[in-house]
Amino acid sequence: MVRKQIEELRHRLEYHNFKYYVENKPEISDFEFDILMRELQDLESAHPELADPNSPTMRVGCDLTSEFQTIEHRFPMLSLGNTYSLDELHEFIDRIEKEEGPTEFVCELKFDGTAISLTYEHGQLLRAVTRGDGSQGDDVTANVRTIRTVPLKLQGSGWPDYFEIRGEILMPYSSFDRLNTEREAAGEPLLANPRNAAAGTLKQQSSAVVARRGLDCTLYQLAGNDLPFSNHWEALTHARNWGFKISEHTRICHNRAEIDAFIAHWDEARRSLPFPTDGVVIKVNDFAARRRIGFTAKAPKWAVAYKFKAEQALTKLESIDFQVGRTGAITPVANLAPVLLAGTTVRRATLHNAEQMAQLDIRPNDMVYVEKGGEIIPKITGVELSLRPADSRPFTYITHCPECNTELVRYEGEAKHYCPNQSGCRPQIIGRIIHFIRRKALNIDGLGEETIELLYANGLVHDISDLYDLQAEQLAPLPRLGEKSAENIIRSIRASREIPFRRVLFGLGIRFVGETTAKYLADHFRSLDAVMHASREELVEADEVGDKIADAILEYFADAENLRIINRLREAGLQFEEQAREQTSSTLAGKSFVISGKFANHSREELKELIELHGGRNLAAVSGNVDYLVAGENMGPAKLKKAEKLGITIITEEEFSAMLEDSTTVSFTDTPSQQNEVSDLLSEHIPDPAIQAEEPSKPETPIQGSLF
């Protein structure tokens, strides 16, 4: 009797959930829905033996935290080529029709969220996995169960016993604005944009937090071995009948003119959508045609994404602030009258430097044009001179630091101004500490920017060496910490004593000495003492070190305060010498490589490590000295174009691996895999769904209706 009552309540709640969140046609009030939910919760609490992971009560989330398990995709989630040009899009259409004759295309909005793959078995949600590197991703099932537009149990009939469906997790503008309002009231940093907010929310350790964030999910592609459909449109229609949220804006187009009209309409109409979108995806509808057209190594040849040009808005520049970075660099920032741009309210935009401001002749109270580079970073692109006030006067750039009032300097060949007071200027001090603790430097967990600000404000740290004098009892009483967090921080600080010298050198924050340059310096000089005592001529002998970098190194070690900090770090036991590494082979001896993009089987750090262990050299930039460019997904088009112009051999990850086939396998001890590195924010490719494979053991072989 109780089991039947529980099943009936679950069925009713799922039905009303679908009517409200997917169809937007509620049949009962929120109050009535809540009564049904509470009744079910009470029954499930009284009868735990009848628990079901796909019960509607699971949508409220749980406060327990968990680590994410890595899951291999049964059907890989590939990328999608894109274009900003209608001419290139027309070439794509012409190529398809030349091969296939008159062709039906399906045009869909390109959602600006984070890709997800949902697996259903026996009509119930089995698993939800992020795109990850395309081959494997994180299991976020507990979090996805809280999203109201994801069906936990399918309705209707005819669905395969086992299949996957791919789509996008989105944060609607209403949820994003509400969340930022709450964060602003709590004094927390605001989220940058809905796309990042959706991705970050999906990786929350507490599903209860996810449930409160208000995520949405739109699905756009099925994957499976036995899908009973001949084309994409038919598959979407059935998926909608099973309870999935499928975009109502998807259309079948039969020619170039219809596709152009669809794009033109949504280039304007997207501004009225309740969620972010940045383009249109055009796919061949027929699955058999897709199989004939085929794939490249990374993407289907039967689909492409047309990306809208950056949205632009006109608003008032109310004032100009100046920020001080960790190296003393001064960055002017425009304070704008709030304006809605690409789905978010923009209030600030970088002005870069004095030269850029002079070039734009930008002045307070000007009406300025703002757009988002890559739909993310606001920037001012021009001034509407016809609206400039009659009494406007040219802007005079500041001469003294806005934080410590030290007179600014401008180094030869530099566009920015700098504050030279590195030991007495608060933002520089805090910025250097934050740089020191970051993952690619000393990797001290538990110490974020807010905690460093807190430690500095309480007089516990004044420079990076003070970190090694901290005690747990000093940290525990501080706001938002406590005993457990304090102990974890101290444990991580102790562990940082084992970080290799090259990362310690990078962590010091010497101007112009980035991660790659620090590695070359460590390889060349082998110890900090050798770097400190090297002459200018000796410094430039190291790879990638030119006159400017050499001068910055000499200037850093000529400062008495820097030497004091280094001595304290030495006393704390940090690694100041590079450990000898045994070279695996000389397969790549005499060859120079540049690594660019994201890769399926290795992180960039792992590829660089492989190159060095096999006798090769890593270079930071494309130049005539480079032998090979190892090109991954999302690599910069400018870098690729330059490599082609210089005649540099461009190879894939697979071709690089083939070069090492006869070499001994190596393990990575210093460089953990970073498959999902954020670089994703400025990605040129949408993380799109996978291809279908007839045999799960060979998912790379696309032979059934494909999934973009």
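None of the values given here were measured: they were computed from a predicted structure.
Between N488 and D445, every side-chain heavy-atom pair lies at or beyond the 4.5 Å cut-off. Side-chain contact between V140 and I169: absent, with no pair of heavy atoms (C-beta onward) separated by less than 4.5 Å. Contact annotation: the side chain of T218 never approaches that of T149 to less than 4.5 Å [non-hydrogen atoms, C-beta and beyond]. You'll find the side chain of T130 reaches within 4.5 Å of the side chain of K203, heavy atoms only. The shortest distance between side-chain heavy atoms of L273 and R270 falls below 4.5 Å. With contacts defined as side-chain heavy-atom distances shorter than 4.5 Å, the pair F105/I96 qualifies. L215 is not listed as a side-chain neighbour of N143, based on a closest heavy-atom distance of 4.5 Å or more.
Taking every heavy atom of both residues into account, P160 and P228 meet most closely at CG-CD, 4.3 Å.
A parallel orientation is assigned to the rings of F111 and Y220, their planes being inclined by less than 30° (bins at 30° and 60°).
Checked by atom type, the side-chain pair Q136/T70 shows no donor-acceptor distance below 3.5 Å. Residues T141 and R127 have side chains that never bring a donor and an acceptor to within less than 3.5 angstrom of each other.
In terms of modelled atom types and a separation under 3.5 Å, the side chain of E653 and the main chain of H602 share a donor-acceptor contact. Between the side chain of R131 and the backbone N or O of T114 there is no donor-acceptor pair closer than 3.5 Å. Side chain of T201 to main chain of A197: a donor-acceptor pair is present (N/O by atom type, distance under 3.5 Å, no hydrogens or angles).
Of the residues listed (H249, Q221, H232), the one engaging E108 in a side-chain hydrogen bond (donor to acceptor under 3.5 Å, both in side chains) is H232, and it is the only one. Between Y120 and the choices W159, Y162, F244, W242, the ring-ring contact (aromatic ring centres under 6.0 Å, His included) rule is met once, by F244.
Rounding to the nearest 0.5 angstrom, the gap separating the CZ atom in R178 from the CZ atom in R213 is 9.0 Å.
Within 6.0 Å of the CD atom in E473, the count of heavy atoms belonging to other residues, nucleotides or ligands exceeds 12.
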Check your understanding: Would R145 and S207 count as a side-chain contact (heavy atoms from CB on, under 4.5 Å) if you check the C-alpha gap in whole Å, the side-chain angles of each, and the deciding distance to 0.1 Å?
Key -> CA-CA 9 Å; R145 280 197 176 103; S207 60; over 6 Å; no

